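Structure first, commentary second.
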Amino acid sequence: MAGFIVRRKDPLLFVTVLVVLLCILASQAENELGDSLLTRTVMQAFSPFVRLSAGTSQKVRDTWFGYFNLVDARAKNRRTMDQYDRQALELSLLRERLRAYERSEALHQFLEGLNLPGEEDLLQSIHPALVIANNHWDEQSRILLLNRGSSAGLKRNMPVITSDGVVGKTMTCTTLVSTVLLATDVNSGISARVARSRVWGILTGGGQLADGRPALTMQHISSLDDVAEGDLVITSGLDGIYPAGLVLGTVVLVDEGPGLSKQVGVAPAVEMSRLEEVLVLVREEQLPSQLADRDSAEPPEEDPS
Amino acid sequence: MKFLRFPLVILLALLAELLLPRYVAGFFRYFDFMLIVVVFNSVSRSRVQSTLLGTASGLTQDAFTGIVFGLNGFSKTVVGYLASTFYQRFMIDTALTQLVVLIVATWLNEGICIGLSLVLFGDPPGPLFPEMLIRTACNGFGGVLLMKLSVVFFRRLSAGRMRSRGVSRLSR
């Protein structure tokens, strides 16, 4: 018997193990699955190693993928920042376009409501132009450079305006660009009128307001003339350049001048430093006499006031 | 230290089976590392050792995979005993033989599991046929590759030990 067992120990062990395993399986078939003493024992034996290895693997994995995620995050951050910059630029351009549209809309409304008495036949067309250079801060020569020239029909001594009022007049017109002598320039002279009292005078540039902004000075005003602070000053139309009725500015200072005259300071209606688009009043017919240099307009023989 | 080899091998196979699909790549779930270990060890072990290794590895697998305890224990015991018997009879250990043995072992293992589940529980937990094919391929080719790699590794390890012993003797 012992010899048989020794000779057949392998198959006997094999069969014994199988029988034991079958018993285990059969016991589970009758009872509830999942939580047996054997399961718990085997799990208990291996679980510390498994837990340790899983924790280590998790840390290695986190470190490894965290590194790559970090690299990727940097690249992604760079891409996002580029995209943000592009979109910010795009937004800025769109906002600027919206502002330009609003300005052009204001100009359009201004033109629709423009009523120039006696000048309708002369008013052939109005050319919008962009300001490509602005020299308003130079006390010696306050001029603008427009992106329109003689090819667009611009000539010397054409009024340049905005919806707020008068800017100045064209000075030198090349084929593609033109210069504009600002109303605030020291060499400018515009025949003007106080809208309320109809007092006439010559509005010249070169002055300065208390806050440092350029100002206009209304000359040839008698001490008896009715001019008060806050009065609106408009063009008279007598200089042959500007149509009558365009806004020039508001009286901000009335003081006693030399002799029997008054010193009248006028704040320009147009903020010259912020000009971007202007309108040039192009006239089909302009008399040679009207086109003569009138940088300093002379007072009329008869005072209309 | 020899008595630690079995638990160590089982532990390595268990860790590979539990951790590789989660932390490395999902397709490792098709590998039955316990089965590969059982077949690989049956080449050089006695039938008793192979049988016991099959039982231990199968039970460990059952404990950690949550299926019926003893199902894999039973099937791997059979696989270990039969593989060991095969290698003792034919003494052929080529890559092709290993591939065939691994493929047969995979199907035998799954067949026993499905059969026992049907008989004892009436609920076969067996995989679908396409998955079975993938598992066969993974166990077959992956097992052969692992066997070759481990052979190379242990050969270099033993060569290194011999060299170090020789050097220590000369230095004396």
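Remember, it's a predicted structure, so these values are computed and weren't measured experimentally. All chains are named by letter (A, B, ...) in the order of the sequence lines, taking the proteins before the strands, and each is independently numbered beginning at 1.
Here the CG atom belonging to A:Leu21 is positioned 11.0 Å from the CG atom belonging to B:Asn72, to the nearest 0.5 angstrom.
The side chain to side chain contact (heavy atoms under 4.5 Å, CB included) with A:Phe14 is formed by just one residue from the set B:Leu52, B:Thr55, B:Val48, B:Val78; it is B:Val78. B:Phe74 pairs in a side chain to side chain contact (heavy atoms under 4.5 Å, CB included) with only one of the listed residues (A:Val17, A:Leu18, A:Val20), which is A:Leu18.
Per-residue heavy-atom pair counts under 4.5 Å with chain A were compared for B:Leu15, B:Leu59, B:Ile10, and the maximum is reached by B:Leu15. Of the listed residues (B:Gly70, B:Ser46, B:Ser50), the greatest number of heavy-atom pairs within a distance under 4.5 Å of chain A belongs to B:Gly70. Each of B:Leu11, B:Leu116, B:Thr51, B:Thr85 has some count of heavy-atom pairs under 4.5 Å with chain A, and the biggest count is that of B:Leu11.
Against chain A, no residue from residues 34-41 of chain B qualifies, as none has a non-hydrogen atom under 4.5 angstrom away.
At a 4.5 Å heavy-atom cutoff, the contact between B:Thr60 and chain A is made by backbone and side-chain atoms alike. For B:Val119, no part lies near chain A; criterion is any non-hydrogen pair under 4.5 Å.
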